[in-house]
Amino acid sequence: MAFNITHKDMGRAFDGPVKCTFVDKLSAANSKAVIYLHGYNDYVFNEEMADKFLARGYNFRGLDLRRHGRSWEPMHQSFNHFRDLKEAFEDIDAALERADEPEVHLLGHSTGGLIAAYYLNCGRGKRFKTLILNSIFIDWNSNWAGENIAVPLGSLIGRALPELTLQDGQLLIKAVDPLVYHLHKNYGGEWDFDLGMKRLHEPPKYAGWIRAISLAQDRLKEHKKYIKVPILSMYSDGTRSKINATKEDTLSSDIILDVRDIDEFSSGLGDQVSEVEIAGGVHDLFLSPEPIRTYAYEYMFDWLEDK
């Protein structure tokens with residue numbers, strides 16, 4: 001069974017009309033559901049994940065956020081851009097409104113995990129029973145100068161010049177993203193995804209986007225224990241540098257985020273936080289090689305059974 005794709009007009013934003021996209025796999029027999037938020041330079045494509053949820057009795061309700069994946073409007077939108085992550089709250093509300101299952105859970109990967117945690121921290125989505133985080137983007141993976149000078153400066157610039165490009169993966173790095181490259185089936189990986197929606201070259205990062213990410217991260221660190229539902233924070237057991245990552249590093253560790261940051265800050269998200277390191281996991285744990293991703297799935301579903 002393929003995904004069922006539905007677009008929803010979400011009105012106007014700072015750059016004109018916006019839409020979000022519902023990416024569903026549903027069974028009338030299931031009374032539970034999960035709403036899934038993808039990461040940066042990403043969209044909902046992992047049918048194996050959807051099928052795993054269906055088999056365990058959960059309807060899968062993926063969400064391509066505005067300006068991402070199938071929701072991107074290239075004629076007037078910057079790809080994968082937010083000026084304020086609270087924009088995404090409207091998309092989540094729309095997904096939750098159409099979920100008619102009595103029990104609903106929220107799952108977010110990387111930036112999607114940050115958005116999910118930010119959403120609940122701000123008191124939204126009281127229907128959600130749990131929050132599951134797959135490598136949450138809760139802190140910048142950078143050196144001291146990057147985190148204490150470059151990011152705050154970029155965030156400050158983002159207030160006045162939100163559309164200013166501060167990092168262009170294609171022009172400045174002039175190399176493919178090793179994670180995307182090694183995952184895609186055309187380059188020896190396991191996964192088939194649209195390289196126009198999950199790109200080999202990272203999309204440009206705008207000053208406004210850096211500010212949006214920083215504000216959400218700061219909120220989670222300053223307003224601790226605000227999330228009242230049980231939380232499962234999952235992440236790899238190791239981090240490697242993306243710049244000089246080998247193929248082995250790419251397929252056995254997180255080359256996007258520093259897992260030590262995730263470990264440090266996860267416990268402050270709520271009163272009921274469970275954490276697990278997945279040995280050999282990649283940044284998106286559910287794209288890890290076997291048997292690692294099966295272990296991640298089994299751990300997650302066992303945790304859910306106790307909630």
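- Looking at R83 and D15, no side-chain N of the basic residue comes within less than 4.0 Å of a carboxylate O on the acidic one, giving no salt bridge.
- Between the side chains of S252 and E248, not a single donor N or O lies within less than 3.5 Å of an accepting N or O.
- In this structure, Y118 OH and D84 CG are separated by 5.5 Å, a value rounded to the nearest 0.5 Å.
- Counting only distance, with no hydrogens or angles, the side chain of Q272 and the backbone of K228 share a donor-acceptor pair below 3.5 Å.
- Side-chain atoms of R211 and P162, non-hydrogen and from C-beta on, never get closer than 4.5 Å to each other.
- Side chain of T239 to backbone of V259: a donor-acceptor contact under 3.5 angstrom is found.
- Linking ILVMFWY residues whenever their side-chain heavy atoms come closer than 4.5 Å, directly or via other members, leaves L107 and I227 in distinct clusters.
- Residues S233 and I136 come closest through the heavy atom pair OG-CG2, 4.4 Å.
- The CG atom of D64 sits 10.5 Å away from atom CG of L37, with the distance rounded to the nearest 0.5 Å.
- Hydrophobic clustering (ILVMFWY, side-chain heavy atoms < 4.5 Å, transitive): I231 and M300 are in distinct clusters.
- The two residues A116 and L131 come nearest to each other via the heavy atoms CB-CD1, 3.7 Å.
- Residues I115 and L65 meet the side-chain proximity criterion, which asks for heavy atoms closer than 4.5 Å.
- Distance check: W140 CH2 to N148 CG gives 13.5 Å after rounding to the nearest 0.5 Å.
- Distance CG/D258 to CG/N141: 5.0 Å, rounded to 0.5 Å.
- A donor atom on one side chain and an acceptor atom on the other are found under 3.5 Å apart for T21 and S71.
- Aromatic ring centroids of F3 and F45 lie 6.0 Å or more apart.
- Annotation: side chain of L269 is in contact with side chain of I138 (closest heavy-atom distance under 4.5 Å).
- Under the 3.5 Å distance criterion, the side-chain polar atoms of D51 are left unmatched by any main-chain donor or acceptor of E48.
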Residue pair L26, N30: steps toward the side chain to side chain contact (heavy atoms under 4.5 Å, CB included) verdict: CA-CA 8 Å; L26 310 176; N30 291 339; over 6 Å; no

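- Distance alone, capped at 3.5 Å, is enough to place a donor-acceptor pair between the Q217 side chain and the F137 backbone.
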Criterion side chain to side chain contact (heavy atoms under 4.5 Å, CB included) on W72 and Y43, from CA distance to verdict: CA-CA 10 Å; W72 179 43; Y43 72 111; over 6 Å; no

Y36 and M49: CA distance, side-chain angles, deciding distance, side chain to side chain contact (heavy atoms under 4.5 Å, CB included) verdict: CA-CA 10 Å; Y36 171 68; M49 176 170 62; 3.7 Å; yes

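- Pairing each heavy atom of P230 with each of W303, the nearest pair is O-CH2, 3.6 Å.
- Residues D139 and F265 form a side-chain contact, since some pair of their non-hydrogen atoms from C-beta on lies under 4.5 Å apart.
- Salt-bridge annotation for R56 and E298: present, with a side-chain N of the basic residue lying under 4.0 Å from a carboxylate O of the acidic one.
- Counting only distance, with no hydrogens or angles, the side chain of S288 and the backbone of V282 share a donor-acceptor pair below 3.5 Å.
- Ring geometry for H68 against H38 counts as tilted: the plane angle lies between 30° and 60°, on a 0 to 90° scale.
- Note: K32 NZ to Y58 OH = 3.5 Å, rounded to the nearest 0.5 Å.
- Considering only heavy atoms from C-beta on, L304 stays 4.5 Å or farther from V34 through its side chain.
- Without hydrogens or angle criteria, R67 side chain to H81 main chain gives a donor-acceptor distance under 3.5 Å.
- Cation-pi contact between R199 and F79: present, with separation from the ring centre below 6.0 Å and deviation from the ring axis of at most 45°.
- Between the side chain of Q77 and the main chain of P17, a donor-acceptor pair closer than 3.5 Å is present.
- Cation-pi contact between K8 and F22: absent, since separation from the ring centre below 6.0 Å together with deviation from the ring axis within 45° is not met.
- Between R61 and D100 there is a salt bridge, since at least one side-chain N of the basic residue sits less than 4.0 Å from a carboxylate O of the acidic one.
- Heavy atoms only, all atoms of each residue included: S31 and P102 are closest at O-CD, 3.1 Å.
- In terms of modelled atom types and a separation under 3.5 Å, the side chain of K225 and the main chain of S267 share a donor-acceptor contact.
- No more than 12 heavy atoms of other residues, nucleotides or ligands lie within 6.0 Å of CZ in R159, so this atom counts as exposed by the packing criterion.
- Looking at Y235 and D254, their side chains never bring a donor and an acceptor atom within 3.5 Å of each other.
- The closest donor-acceptor contact from the side chain of S135 to the backbone of H283 lies under 3.5 Å.
- To the nearest 0.5 Å, atoms CZ (R124) and CG (D93) are separated by 4.5 Å.
- F82 and Y206 have their aromatic ring centers separated by at least 6.0 angstrom.
- Scanning both residues, K198 and V180, for their nearest heavy atoms gives O-CG1, 3.9 Å.
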Verdict with supporting geometry, D192 and H184, side chain to side chain contact (heavy atoms under 4.5 Å, CB included): CA-CA 6 Å; D192 184 16; H184 197 275; 4.2 Å; yes

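- Hydrophobic clustering, defined by side-chain heavy atoms of Ile, Leu, Val, Met, Phe, Trp and Tyr closer than 4.5 Å, leaves L156 isolated from every other such residue.
- Around atom CD of E222, more than 12 heavy atoms belonging to other residues, nucleotides or ligands sit under 6.0 Å away.
- Side chain of R127 to backbone of A99: a donor-acceptor contact under 3.5 angstrom is found.
- Residues L63 and F53 are members of separate hydrophobic clusters, defined by side-chain heavy-atom contacts under 4.5 angstrom among Ile, Leu, Val, Met, Phe, Trp and Tyr.
- Nearest heavy atoms, A13 versus V18: CB-CG1, 3.7 Å.
- Surrounding NZ of K307 are more than 12 heavy atoms belonging to other residues, nucleotides or ligands, all under 6.0 Å away.
- Side-chain contact between R98 and D24: present, with at least one pair of heavy atoms (C-beta onward) separated by less than 4.5 Å.
- Residues L257 and V151 share a single hydrophobic cluster, defined by chaining ILVMFWY side chains whose heavy atoms lie under 4.5 Å apart.
- Here the side chains of L166 and K205 are not in contact, with every heavy-atom distance at 4.5 Å or above.
- The shortest distance between side-chain heavy atoms of W191 and D284 does not fall below 4.5 Å.
- Between Y40 and W209, the gap from one ring centroid to the other is short of 6.0 Å.
- Criterion: ILVMFWY side-chain heavy atoms under 4.5 Å apart, direct or through other members. Under it, L114 and V273 are part of a common hydrophobic cluster.
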